[in-house]
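These numbers were taken from a predicted model, which means no experiment stands behind them.
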Amino acid sequence: MNNKNPTNLVQKWLDNLCLREMEPIIDFYHENAILVPTLSKEIRQGTIEIKDYFIDFLGDHPNLCGDIVFEACQEIEYSVLKAVSVSGI
């Protein structure tokens, strides 16, 4: 897998989300990252808060899974994602 390709990175993140693999999910975030969640008003900062968010989020949505459903452009150097489908919410 080409980890420099944004589509591949998002798909890998989604795969880990579906498998409920917490550490690989958290590895996508810098130690000082800021997460602005889609389904929460509370902004999280840093890996501890982001991990706590995903523990709660995955616990609340046990059937959560997702996949990329449409790519506007797929080039060697970049991808433009248009839609990600998430089910189980």
Nearest 0.5 Å, what's the OH-OH distance between Y53 and Y29? 8.5 Å
Students often mix this up, so state it plainly: with edges at 30° and 60°, are the rings of H61 and F57 parallel, tilted or perpendicular? tilted
Quick check: closest heavy atoms across F28 and P24, and the distance to 0.1 Å? CD1-O, 3.0 Å
Could I get the full list of side chain to side chain donor-acceptor pair (under 3.5 Å) partners for E23, not counting sequence neighbours? K51
Within a strict 4.5 Å, meaning less than it, do heavy atoms of the R44 and P37 side chains meet? yes
Sub-4.5 Å side-chain heavy-atom contact between I43 and I34: yes
When rounded to the nearest 0.5 angstrom, what distance separates CE in M22 from CG in D27? 11.5 Å
Sub-4.5 Å side-chain heavy-atom contact between I25 and L58: yes
N8 side, atom CG; D15 side, atom CG - distance, nearest 0.5 Å: 10.0 Å
Over 12 foreign heavy atoms within 6.0 Å of CD1, I48: no
Find out if a path of hydrophobic residues (ILVMFWY) with successive side-chain heavy-atom gaps under 4.5 Å connects W13 to L39. yes
Roughly how far apart are L17 CG and K12 NZ, rounded to 0.5 Å? 14.5 Å
How many angstroms lie between atom CZ of R20 and atom CG of N16, to the nearest 0.5 angstrom? 12.5 Å
If you round to the nearest 0.5 Å, how far is OG1 of T47 from CG of L35? 12.0 Å
